[in-house]
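What follows is a short report on a single structure.
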Amino acid sequence: MDLKKFIDTPAQWLNSSGNHSNIVISTRVRLARNIEGIPFAHCAKESDLDKVIFQIKEAIKNNSYLTNVTMVELNKVNDLVKQLLMERHLISRELAESKKGVVFIGDKEIMNIMVNEEDHLRIQTFASGLDSRTTWEMINKIDDELSKYLNYAYSSNWGYLTACPTNVGTGMRTSVMIHLPALNITNQIRKILHAISQVGLAIRGLYGEGTEALGNFFQISNQVTLGRNEQEITDNTEKITNQIIGHEEKAREILMKNNRIQLEDQIMRAYATLTHARVIGSKEALELLSLVRLGVGIGLIKDISLKIINELLVISQPAHVQLFSGEILSSPARDVKRALIIQKNLTRGEERNV
Amino acid sequence: MLCDVCQKEEATIFYKEMVNNKYSEMHLCEKCAYEQGVKKFQLPSAITNLLSALTELSPEALPRQMVEKKCPGCNSTYSDFRERGKLGCSQCYQAFNEPLADILRKIHGNIQHIGKSPLKVAVTQTQDMTKIKEIEALRKALDEAVKREEYEEAANLRDKIRDLEKEIKAEGER
């Protein structure tokens, strides 16, 4: 893997070109699939897992949608690279720890396939903004094509069979990465989160299950995978997300009407810190970037694009900061380098320079 | 109704507790409820649903032969599944069919898949690709026929595709 080229080209789904990009960062769909006749990954012998990798490699060769994928074997890269891939949402912690974990990464990171995670295959597609249609159509084609060459574990009653019964059926999870700062400032976030959980959706932090919602970035995703078809699942997630977007927009309007100066003050202070501070921790960076992102969204900050901020959310993470420097850094040294990266990106507009 | 504790936020959690045979009822906002340790209302997730489904189906509730039953595919037992929350292989679904149906109903509210199926659902061990290739060619021809507005031909092609798909499915179920 050409690491340099890879980290210099941010994922396409961060480019804020999609619908509702001021609130929604991205939409992701994943399908869980297993190969019939081979035990699920946690139960399989290493030789079985090698078989899985071999079969998937062959299937990808024959897949016209996957002509330009990069294969990364996780037991052949160091911890820093694993962390980098996690920060880019290309692998999960579980895959990083798998004995025979492999990830196939598509051009511009619009798709990837994790191999030997909880399931033999975890296929994912990504799109900017709220766009469950593009992500679904893309993943559906990839999956159909793969299913011609792989013998998927499937039952006509229970659909695609997965290691955990929570994924059985469609094996599908649609996740929307959403930024809800105004709902938090106006103290409505708990109510909204509670309501979401009542309609069969789950809400998590930025990096999935068990992670904090730093900077008011959340992931909303469907829970039910059996007894609804893929269209219903994506439609439902999109419908609920649209309602949440409506609430966030309203909260932003109310803030602008009733507390404009205080809001602008907070945002501009965050902006000032990001552009002038010499030392910034990763948690602080996310929180300040969240405020500046709100500032761009409401039109207060005009000379920065949402794209730059979305990218900074990723490249200000610890592994990115270290790989940009080309060396392993202690935490305090990272915080200095991070401040520099953020400053350069925020003051040079569209041009990327790190 | 305002929260009984902070008297500021709207109460959205109604919490009943029985202590010494006496009911006490509290109306709490989410923040206070959380601080009071009312953990029960924490966001339900698939995982917690799964866990509760698993604990409800305690070993006593299941016939002994089911608890000890082994999956012929991977030799996992039903208690292995209860411990790990994961099945060992696709054949486990068949081996533990009955308790799993209950668990799936608890998690998903449903036990019949209605989504897509793999194109090759059928051609299991044989790796026979001929029919699938044939269907692909027919689909292309169908698209073209529709473009040319030759609907009679399109209908014929469509029927041919359906027949082939049926054959494939029948083979798969055998």
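Here is how names work: the chains are called A, B, and so on, in the same order as the sequence lines, proteins then strands, and each is numbered from 1. Atom set for the values below is all heavy atoms of this structure, side chains included, hydrogens, waters and symmetry mates excluded. Not measured: the values here are computed from a predicted model.
- Salt bridge present: B:Asp102 and B:Arg105 bring a charged side-chain N and a carboxylate O closer than 4.0 Å.
- When B:Cys92, B:Cys71, B:Gly88, B:Gly73 are compared by the number of non-hydrogen pairs under 4.5 Å with chain A, B:Gly88 comes out ahead.
- Taking 4.5 Å as the limit, every side-chain heavy atom of A:Thr237 sits out of range of all side-chain heavy atoms of A:Thr27.
- A salt bridge links A:Glu94 with B:Lys86: the closest approach of a Lys/Arg side-chain nitrogen to an acidic carboxylate oxygen falls below 4.0 angstrom.
- Electrostatic pairing of A:Arg133 and A:Glu137 counts as a salt bridge here, judged by a charged N lying under 4.0 Å from a carboxylate O.
- Per-residue heavy-atom pair counts under 4.5 Å with chain B were compared for A:Asn140, A:Ile38, A:Ile35, and the maximum is reached by A:Asn140.
- Side-chain N or O atoms of A:Asn116 include one that pairs as donor or acceptor with a backbone N or O of A:Leu49 at under 3.5 Å.
- For a residue to count as touching a neighbouring chain, one of its non-hydrogen atoms must lie under 4.5 Å from one of that chain's; by this rule A:Glu232 touches chain B with the side chain only.
- Using cut-offs of 30° and 60° on the angle between ring planes, the pair A:Tyr152 and A:Tyr160 is perpendicular.
- For the options A:Ala153, A:Ala44, A:Gly169, heavy-atom pairs under 4.5 Å to chain B are most numerous at A:Gly169.
- No other option in A:Leu161, A:Asn229, A:Asp143 has as many heavy-atom pairs under 4.5 Å with chain B as A:Leu161.
- When each of B:Cys74, B:Gly109, B:Ala101, B:Ser76 is checked for heavy-atom pairs under 4.5 Å with chain A, B:Ala101 comes out on top.
- Contact count against chain B (heavy-atom pairs under 4.5 Å) is highest for A:Glu230 among A:Gln231, A:Arg228, A:Glu230.
- For the options A:Asn34, A:Asp144, A:Ile233, heavy-atom pairs under 4.5 Å to chain B are most numerous at A:Asp144.
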